[in-house]
Amino acid sequence: MYRTHTCGELRLEDAGKEVTLAGWVHRSRDLGGMTFLDLRDRYGITQLVFDMQQDEGLCREARKLGREYVVQVKGEVRERSSKNKKLPTGDIEIEVKDLHILGASEVPPFTLEEESDGGEEIRMKYRYLDLRRVPLKENLILRHRVAQKIRNYLDAQGFLEIETPALIKSTPEGARDFVVPSRLHERQFYALPQSPQIFKQLLMIAGYDKYFQLVKCFRDEDLRADRQPEFTQVDCEMSFIDQEDVLQVFEGLIKELLASVVNFKIEEDFPRLSWDEAMQRYGTDKPDIRFGMELHELTDLVKGKGFRVFDEAAWVGAICVPGAAGYSRKQLDQLTEWVKRPQIGAGGMVYVKYNGDGTVKSSVDKFFAPEELRSWGEACGASAGDLLLLLSGEKERTLFAMSELRLEMGERLGLRDKRVFAPLWVTDFPLLEWDEEENRFVAKHHPFTSPREEDLALLEKDPAAVRANAYDLVINGVEIGGGSIRIHDTALQARMLDLLGFSREDAEQQFGFLLEALRYGTPPHGGIALGFDRLVALLGGGDSIRDYIAFPKNNAARDMMADAPNYISEKQLKELHIRFRG
RNA sequence: GGUCACGUAGUUCAGUUGGUUAGAAUGCCGGCCUGUCACGCCGGAGGUCGCGAGUUCGAGUCUCGUCGUGACCGCCA
């Protein structure tokens with residue numbers, strides 16, 4: 001037996017016990033006559049004492065231990081003469097009688113404190129050391145707890161966790177696939193799943209009417225702080241249900257997670273916004289509704305006064321920033337520069353200050369009379385002391401810029417509190433999206449999403465106007481999940497694929513097995529997938545999902561620790577029938 | 001594919017208008033210290049200023065290229 005206790009559990013009432021502990025040397029404090037060692041494991045830190053007068057040889061041995069040595073000690077628990085209130089074990093220490101080095105350690109390249117002195121790069125290379133730090137440890141524990149709660153919740157609702165394959169067939173629709181060459185079948189490739197979409201639908205057809213899976217998914221696209229090439233989804237599918245049933249089950253799940261994990265209780269139903277309404281009020285389909293500052297369209301109000309920027313714009317809108325009329329010229333100039341960055345893409349910004357004394361001051365005083373400027377304020381619900389920020393231009397781009405500006409101002413005003421959670425459902429997404437590059441309609445969600453019944457007639461006449469039975473779960477401006485009610489009718493599915501420009505052969509080649517399965521008695525079904533990494537990061541208050549994944553990839557999709565991807569041997573290539581040109 | 005930022009000691013960073021021997025903190029090594037807990041004090045070692053070219057009497061500093069890292073845009077059905 002290597003240990004009788006962990007480094008986090010001994011208390012004052014254990015004083016007098018003979019114990020054996022094992023762990024890492026976190027830090028040592030050599031006072032000459034005595035040496036203190038902090039022994040650490042994932043449960044906590046316990047202080048060890050070595051005394052020159054008690055056992056000089058042992059004490060000298062202890063002094064030689066470097067940081068991160070793995071040691072085993074036997075000794076007696078005793079009350080400290082000077083206690084440390086900062087540690088749960090701070091009332092006691094171990095008077096060591098026996099010391100074994102279980103594993104020596106090189107000097108770590110960075111410190112393993114709460115706040116490490118190491119930068120991203122070196123910590124990623126030595127990820128196994130970084131994971132010893134408390135914050136990352138806490139994050140992985142949180143991830144585990146959330147996973148368990150999700151499993152318990154769905155299990156209690158009768159869901160079955162069923163695994164689907166990781167080596168599947170490539171489907172070019174959607175994100176790029178990661179592909180795996182086949183050794184047994186020359187020139188052929190598997191793909192890693194972007195999601196288990198088709199398989200979960202087949203499970204519905206097979207009669208497993210409530211399925212879920214915590215499942216790795218893969219997308220070969222560029223990374224972000226919230227996007228990894230391999231990530232985990234809470235993937236679900238249900239039969240004999242409609243949209244309302246899905247929303248109910250997962251609203252319940254999110255409420256339970258928020259209550260039990262971060263003690264944030266929500267009694268009322270999550271707000272629901274149609275996609276149209278979300279775009280209109282927030283300029284985005286994933287609004288952060290922790291704060292107001294909604295968008296107001298002013299296009300008709302501002303035109304025809306000789307201000308060319310507005311006269312030529314397809315869309316003009318504003319947000320009203322409460323209490324910000326005191327913004328200085330310098331601050332407004334900086335904000336203007338901010339919206340003009342290519343990432344935001346606004347041409348410029350117009351402001352109107354509604355001063356406390358009733359006067360109005362704007363950057364377009366030359367073109368608009370004060371009463372006109374006041375009418376804008378009224379349209380936006382501005383009161384004295386508020387600041388109106390206007391952007392104009394092509395509609396879609398301007399809505400995007402407006403939405404980003406809204407988030408930025410919310411951030412500056414401290415309205416985006418990480419301890420507050422504001423979930424909502426966004427519903428009635430457009431079924432299709434025009435793809436400029438491909439010059440055709442593509443599915444906004446995926447090709448198996450059902451159109452709303454009342455829009456069926458528009459399918460051929462005005463495809464862009466057709467709404468889908470699709471929904472997203474958004475929390476604090478983060479897209480946490482999305483799903484849809486699927487098509488369970490063979491004829492409708494064929495119509496959809498036709499509309500998306502699939503030839504009969506292509507459709508047959510890519511998802512023939514699903515199309516065939518639909519003919520064998522398919523129940524109405526639908527589901528949802530939640531981004532598990534994002535959900536955990538959100539609950540943990542983190543900005544990057546990398547901090548919630550044990551071994552993540554870097555910006556360039558590289559594993560900096562193992563140095564993957566990498567070249568493979570000629571022998572491997574030969575077995576896979578792969579030869580490189582040039 | 002693109003935009004921006006960064007790259008100097010093991011680590012995190014500072015380094016003025018181009019100018020003598022490139023600094024600090026921390027870590028590391030050695031010494032002193034019996035109640036520390038970010039222990040303290042004294043001493044020491046540690047640098048191809050990412051790499052390559054250019055401008056210059058002279059480059060950590062300026063220019064170009066290149067590599068790496070990060071954030072974002074495109075992309076992510």
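Letters A, B, ... are given to chains in the order of the sequence lines, protein chains preceding strands, and every chain is numbered from 1. Bear in mind that the values here come from a model prediction, so they are computed numbers and not experimental data.
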Report task. Look at all strands and tell whether A:M124 reaches a base, only sugar-phosphate, or nothing, counting heavy atoms closer than 4.0 Å. Result -> nothing
| Salt bridge present between A:D130 and A:R123 (N-O < 4.0 angstrom) | yes
Practice task
Tell me whether the OP1 or OP2 atom of B:G27 has a side-chain N or O from A:R27 closer than 4.0 Å.
Solution key: no
Practice prompt. Pick base, sugar-phosphate or nothing for A:T171, based on heavy-atom distances below 4.0 Å to the nucleic acid.
Written response: nothing
Please indicate yes or no: is the ring centre of A:F36 less than 5.5 Å from the centre of the six-membered base ring of B:U36, with the two planes inclined by under 30 degrees?
yes
Answer with base, sugar-phosphate or nothing: what part of the nucleic acid does A:D220 contact at a heavy-atom distance below 4.0 Å? nothing
Within the sub-3.5 Å range, which N or O atoms of nucleotides 3-7 of chain B have a protein N or O partner, and how far apart are they?
unit_1 : atom_1 : unit_2 : atom_2 : d
B:U3   : O2     : A:Q343 : NE2    : 3.2

A:E106 near the nucleic acid: base, sugar-phosphate alone, or nothing, with a heavy-atom cut-off under 4.0 Å? nothing
Paired to B:U48 by Watson-Crick or G-U wobble criteria (both distances under 3.5 Å) is none
request  = Give A:R176 one of three labels, base, sugar-phosphate or nothing, depending on what nucleic acid heavy atoms sit under 4.0 Å from its own.
outcome  = sugar-phosphate
- request: Could you give the distance separating B:U48 and B:A9 at their P atoms, to the nearest angstrom?
  value: 8 Å
Distance-only side-chain donor-acceptor flag, A:Q228 / A:D533, under 3.5 Å = no
Residues in residues 64-78 of chain A with a heavy atom under 4.0 Å of RNA chain B, by number, are A:R67, A:R78
Atom CG of A:L48 and atom P of B:G35 are separated, to the nearest Å, by 18 Å
Exercise for review: Please work out if A:I45 contacts a base, only the sugar-phosphate, or nothing of the nucleic acid, heavy-atom cut-off 4.0 Å.
Suggested key: nothing
Answer with base, sugar-phosphate or nothing: what part of the nucleic acid does A:R397 contact at a heavy-atom distance below 4.0 Å? nothing
task = Take atom C1' in B:U8 and the same atom in B:C51, then report the distance between them in whole Å.
result = 14 Å
Discussion item. I'd like to know if A:N555 reaches the base of B:U69 with its side chain, counting only an N/O donor and acceptor under 3.5 Å.
Written reply: no
Note to self: Using only modelled atom types and a 3.5 angstrom limit, is any donor from either the side chain of A:E113 or the base of B:G27 paired with an acceptor on the other?
What the structure shows: no
Checking B:A38, B:U69, B:U34 against the side chain of A:R558 (C-beta onward), the nearest is B:U69
B:U36 phosphate, OP1 or OP2: any side-chain N/O from A:N84 under 4.0 angstrom? no
What distance, rounded to whole Å, do you find between the two P atoms, one in B:G52 and one in B:U61?
13 Å
- Query: Could one point to a donor on the side chain of A:R80 or the base of B:C37 with an acceptor on the other under 3.5 Å away?
  - Reply: yes
| message | By the 4.0 Å heavy-atom rule, please label A:K83 as base, sugar-phosphate, or nothing. | response | base
Applying the 3.5 Å cut-off to both distances, the Watson-Crick or G-U partner of B:G30 turns out to be B:C42
Contacts of A:D285 meeting salt bridge (Lys or Arg N to Asp or Glu O under 4.0 Å) (sequence neighbours excluded), chain-then-number -> none
- Side chain of A:R219, base of B:C76: donor and acceptor closer than 3.5 Å? no
Check your understanding: Hey, does A:E433 reach any base, or is it just sugar-phosphate, or nothing, if we go heavy atoms under 4.0 Å?
Key -> nothing
Partner of B:A25 under the Watson-Crick or G-U wobble criteria, both distances under 3.5 Å, comes out as B:U11
Base, sugar-phosphate alone, or nothing: which one does A:Q47 contact when heavy atoms must sit under 4.0 Å apart?
base
